[in-house]
**Q** 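Sharing a structure here in structure tokens format.
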Amino acid sequence: MTNSTPSDQKTAWTGQDSATLYGLDHWGEDYFTINTSGNIDISLKGKDGYHLDLKQLLDELKGRNLSPPLLLRFDDILEDRIKKLHHAFEQAINKYDYKNKYQGVFPIKCNQQRHVVEEVINIGRQWHLGLEAGSKAELLIALSLIDDPKAFLICNGYKDMRYIETAILARQLGRQPIVVIEQAEEVERIITASKTLGAPPLIGIRAKLSSQNNGRWGASTGENSKFGLSIPEILKTVNQLKSANLLDELILLHFHIGSQINDIAILKNALQEAGQIYVELSRLGAPMGHLDVGGGLGIDYDGSRTATPASTNYSLQNYANDVVATIQECCESNSTHVPTLISESGRSLSSHFSILIFNILGTSSVTTDIPTHTNNECLSVKNLRETLETLQNICKAKTIDITKVQEAWNDALKFKDDALAAFRLGFIDLTARATAEQLTWACAKKLINHIPNNLLIPEELQALNAALSATYYANISIFRSAPDTWAIEQLFPIMPIHRLNEKPSQLGHFADLTCDSDGKLARFIDNGKVKSLLELHPFHPGEDYLIGMFLGGAYQEVMGNLHNLFGTTNAVHIRLRKNGNYKLDHVVRGNTKGDVLYAMEHDSEQLLERLRITTESAIQKGSLKINDAQRLMDHIEISLRKSTYLQK
Ligand SMILES: *Cc1c(COP(=O)(O)O)cnc(C)c1O
């Protein structure tokens, strides 16, 4: 491999090599594969002929004036995820002969977009999939979208009087809202609201478990978490409900040990603890009947199947089995009827179906060409030329003497420093400094290309890779489209969606459009580890180079912000059809510049008028011609109506 030339690299490299390199085989869950053209294919297992070439789709979307950055939403994948979750619970219920059912809810906060929630409701109807609301605004969405009287509407989050009264009235509307008590004060409010309206709500209690999720979101559990009732508070609540004659409405126990549970052992502990609390609540006289295990069902972002932050050490089926078996065991040994099981799995349902596609605008990297000789080269340049020659000779030898290599490379670094010092003191000019730098990078390239990686000290290799790596300028704002990569260093699989039959010969990272040094993607999945550089293809100006960020369907959209006033991208809902065909269900237009200005209280009309007046005075002064003034006004008017991202 080390001696191959670019042309034979091209023929030797296959899509399978790319799939292995980017981990696609492990995190792609059969939804994403690489086709013979070297493009990513979207496919659905068990639905023959339903597949779609992602690059071809992007080309055709471009023809419809929908260019990257784009958010693609594959509702078939959303459907498949919902199906898989229900099938996993069906299997578990059959396996353990569990004498009750599973009936989940989708937590709206994962993705509140109307088209997404509507799809979830439509797809989930056959299983009476309900919704979980964590705020009053989310409650409004849930109330307006759920039309199935059997579906649950789990009311979480802190609740004031209006929230509680709305839930009570929704029950009379024929819905099944369950008001989950999260804070001790809410009990009194529920009692008062029930008296005022002469009708009670269905009631649940959120328990603060001592079992703690050690992942990134672990702070949502444990005795000091901000959510749920402690055991003494639960007992007090039961007594309060009893004396208000409301204990008959207490039908649910809820817990949530944080999102993205990495380690199944932690879930088991929580289930055992919650199972015991459930049994106790039944003994205290509450009808119960429902146990809500919250969210937390994780996603294997890097495909490593490990208990690390970007992964999980369990499958969907393992999860369902553990929920069913643990609760059954706990209830049976206490002669309690097993409850209807509810989960609030958001990340697991909504991550896969959405792909962010962005294009590369250009790249920058150090120049490694060997500069031509000039007369009177300075000493450091001469030394560097000699060092490069030495390295060339070392590399030609049959067996490479690594001590000599290291000596030569250290020399190169020293001579480069000498050149810098000489420049600072005014002894050499800009051209000489450039020559010295270029020669140093030529030495580095020689090393990378000709010395087998295993001969180099890992840190040295890393330093070389980093020095020779490229920055790929990406037409996105990570603050808008991938906020968790910045805020909590979350990893998502990121890879080119085409050219996958070609060996990616360049290491690089992505810089986004914002003027923020944090605006970059420089952490990539690496089978349970993290790497700072990704294998990419040389960028050819004038040709599309399209990159996909996968598994970002949960949380990224709503958490994104308007930093530097980059708005939402266009989003497209796609349904697969037979034989590689597809149907565009919805196109959700991204923010225009007018939209993002308005969000900051700037008025487009006022802005235009102000500029018009300025152009008039420039025309008066003679510094601007009338037709140029008009041209400027046209640019601004059109710009206000267009996307915030760069266009061809
Ligand atoms: C956020 C949240 C969820 C969703 O969690 P996921 O890990 O995305 O499944 C469910 N329930 C509650 C109470 C939450 O706060």
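Every number for a ligand or one of its atoms is a count from 1 in the order of the listing.
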**Q** According to salt bridge (Lys or Arg N to Asp or Glu O under 4.0 Å), does anything in residues 90-102 pair up with another residue at least two apart or in another chain? List the pairs.
**A** Asp97-Lys99
**Q** With sequence neighbours excluded, give me every salt bridge (Lys or Arg N to Asp or Glu O under 4.0 Å) pair touching residues 115-131.
**A** Arg114-Glu118, Glu119-Arg575, Arg125-Asp147
**Q** Kindly tell me which protein residues have any non-hydrogen atom under 4.0 angstrom away from an atom of ligand 1, grouped by chain and ordered by number?
**A** Pro107, Lys109, Cys110, Glu132, Asn156, Arg206, His254, His256, Ser259, Gln260, Gly295, Gly296, Glu344, Ser345, Gly346, Arg347, Tyr555
**Q** In plain terms, say whether Arg171 and Glu249 are close enough for a salt bridge, that is, a side-chain N and a carboxylate O under 4.0 Å apart.
**A** yes
**Q** So does Lys208 pair up with Glu233, basic N to acidic O under 4.0 Å?
**A** no
**Q** Answer yes or no: is there a side-chain heavy-atom contact under 4.5 Å between Leu71 and Val572?
**A** no
**Q** For Lys84, check salt bridge (charged side-chain N to carboxylate O under 4.0 Å, His left out) against everything at least two apart and list the hits.
**A** Asp80
